[in-house]
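This report concerns only the one structure given below.
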Amino acid sequence: MNIPVNTTRATAPANPAQPPLQVRGACPHDCPDTCSLLTTVENGVATRVQGNPDHPQTGGVLCNKVSRYTERTYHPERLLQPLRRVGPKGSGQFEAVSWASALSDIAARLKAIAARNPEAIVPYSYAGTMGQVQGESMAGRFFNRLGASFLDRTICSTAGGEGLSQTLGGKVGMRVEFFAESKLIIIWGSNSIGSNLHFWRYAQQAKRDGAKLICIDPRRSETAEKCHEHIALLPGTDAALALALMHELITHNWLDHDYIARHTLGWEQLRERALQWSPERAAAVCAVPVAQIRALARDYGQCFVNQQPAAIRLNYGMQRVRGGGNATRAVACLPALIGAWRHRAGGVLLSSSGLFPVDKAALQRPDLLAGRAPRTINMVTIGDDLLRPSSPQFGPQIEALIVYNSNPVAVAPDSGKVVQGFARENLFTVVLEHFQTDTADYADYLLPATTQLEHWDVHSAYGHTDALLNRPAIKPLGQAKPNTQIFRELAAHMGFTEPCFLDSDETLACAVYGDNIDFQQLLDHGFATLKLLDAPFAEGHFPTPSGRCEFFSERLAAQGLDGLPEHLPNHETPGSSNEFPLAMISPPARNFLNSSFVNVKSLRDIEGEPLLEMHAQDAAARGIASGAIVRVFNARGDYRVRAEVSVRARPGVVNGMGIWWRKLGLDGTNVNQLTSQRLTDLGRGPVFYDCLVEVQLSAPPPAPI
Ligand SMILES: Nc1nc2c(c(=O)[nH]1)N[C@H]1C(S)=C(S)[C@@H](COP(=O)(O)OP(=O)(O)OC[C@H]3O[C@@H](n4cnc5c(=O)[nH]c(N)nc54)[C@H](O)[C@@H]3O)O[C@H]1N2
Ligand SMILES: Nc1nc2c(c(=O)[nH]1)N[C@H]1C(S)=C(S)[C@@H](COP(=O)(O)OP(=O)(O)OC[C@H]3O[C@@H](n4cnc5c(=O)[nH]c(N)nc54)[C@H](O)[C@@H]3O)O[C@H]1N2
Ligand SMILES: [Mo]
């Protein structure tokens, strides 16, 4: 298929011979906002990346990170040619090789392993780009045809996703723009200013129109300090808080009985459960004043009494603990109790990704498995799994790992184990990357990938309801190739002759939504808004098996699990250990995107260096002053970092801001040296924020220069 590169010309050409072009694209990053981009191209060089003012969700505004996208694309350390390892594993020493020799050697190595057992080959990818094309399309075809192990892509959102699906029926919820009309906005487990800036614009609009904003977060984040109320509960106690809110709604009869009767399932059971959670009991678990819980319940209940819309912006911060799935379930029950769904500005939004009609089968072609059913490796436990020998339960030892769109050595939990696994001499590792990340250091082959300015893609969003198209603005730099092209060529070297391996990126882009979204509209405008009801659940119609909001989940009960939401204490409950008395959470730093952008100097300069925020009381008890270098440790490892005595930290909880590249840290580690590979109650997710540590002074602060 041939698609003309149809760009609009900027009004004032700087160079009449070759006027600047503005090319419409989409931000590829793992962020709810999925912005529409306008890239200015002069003489084949991208000179500026701006937010598209014609796209209402973007509103012409970009975050600090992506407005510097050209700095990332033209970074002097961009990988521009294929590299082969020459030094010891992990040394990061490489020599340049040709694409032909890299691909034929990789194919030979993979063929030899596949001849014994293709499941010994494991893909490892996440959302370095959220693009449907550069994500799992050609790559999915490649691994399906090979019969490689499946990867359970759990590192971010599966606990909350599963909790939401069990309750509401899918990753569905309110339309984000209607938050602007809400009268009460509860921001629950999210630092929106840092990680969901375009939602925050709607919240600001509501605030100007008199809405009350409440933030529920152990950390006094940039968002928490701008809300009217901040409830700084202990990490992993959200379900207790939600159940106590229900208790108050019930005892005060702030309940929409009609909505409950017609559109929910399991009310009597939930009622009984919630009545066990008095505000006093929850206050003790959450370590917040009981009056704060009562006030929150009153605010929420009054929205029912006064028939005003109450909206919850739930996010993933609260599900990175053992009980994260159940906590999400508990919160997702709340809007039905007060009938908040009746209003278009009421309800809850965690993720809108389930609303997009993506044709995964067309992209990934599961038919290429030809009846094989490979085992599944959970990306959260890659540390342990790389170290496992072959066994009947596990299957074959992992012999090859192909990493793309991810930096597991920095982002996966328990990184001491992850590093040990990647360092195995008998592991063959291929990494597709823009930069020589911590993971790239361990590659046997490091292959240069294109950035968003250099390739086609199509994007669904998880924080709004528009699909976006990304056109290439410039030619690939150096010898970089799109992920799709690398897998296409690798498939040819493997001898895979199915015609689907010849599909172009434009063909793949067209296949993403098939007939569900008009591709021509994406080509013409750069985005297309899904056709949805304003208040999707005003009349029930939840996409659950019962069509109701399922307070009680028959599906969970059938698996032998609790059918009702319950508070499950953390694996590492705050206060349960004398040896490791502090709870550590590790939320993202505002100027990074997970571990992306850490190597962009202007952004790293804003963040300064890795920090551990501590409450004054916890710091004083350990003789720690702001600026001191401290050792944070637990049974899994040690991490040296600068302490910052800060009002952002609550007593008993330290905030290890993430996710730095290990090699840029003080001792070549990062915060994931301390996190565990244990899993969540639902969705097999990670428990990054369920982690006990101790902190001690490591060395006196260096003398000021
Ligand atoms: N700037 C920036 N934006 C990002 C990212 C980034 O790294 N940087 N990451 C992107 C990704 S991958 C994702 S998944 C989303 C995540 O988006 P969100 O889920 O909104 O994540 P955060 O903004 O980190 O907010 C998590 C908040 O939860 C708090 N928290 C920690 N533990 C608990 C708890 O037990 N209960 C409650 N109630 N709160 C808790 C943390 O202190 C933090 O402020 O953001 C995306 N956007
Ligand atoms: N301690 C702690 N750990 C965490 C979290 C936390 O809050 N605390 N958050 C977790 C969460 S929510 C997530 S989502 C994960 C994120 O983990 P990852 O998905 O691994 O995200 P990044 O660290 O941003 O790494 C993505 C990599 O993909 C590369 N990339 C981008 N585009 C392309 C492309 O087109 N092709 C190729 N080949 N490469 C590309 C980037 O250069 C980057 O190095 O981290 C998790 N880890
Ligand atoms: Mo994430």
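The structure displayed is predicted, hence computed values, not measured ones. In each ligand, atom 1 is the first atom listed, and ligand 1 is the first ligand listed.
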Part of Gln452 within contact of ligand 2 (heavy atoms, under 4.0 Å):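 Contact part for Gln452 vs ligand 2: neither.
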Any heavy atom of Val411 under 4.0 Å from ligand 2? The part involved is both
Using a strict 4.0 Å cut-off to heavy atoms of [X], name the atoms of ligand 2 that fall inside it.
X	value
Ala127	19 (O)
Asp30	14 (S)
Val671	1 (N)
Thr437	44 (O)

Polar atom proximity, [X] to ligand 1 (N or O, under 3.5 Å):
X	answer
Asn191	yes
Pro235	no
Leu233	no
Ser195	yes
Ser192	no

The atoms of ligand 1 lying under 4.0 Å from a heavy atom of Pro588, numbered in the order shown, are 6 (C), 7 (O), 8 (N), 24 (O)
Quick one: do the Ser125 and Asn405 side chains pair a donor with an acceptor below 3.5 Å?
no
Arg320 heavy atom under 4.0 Å from ligand 2: yes
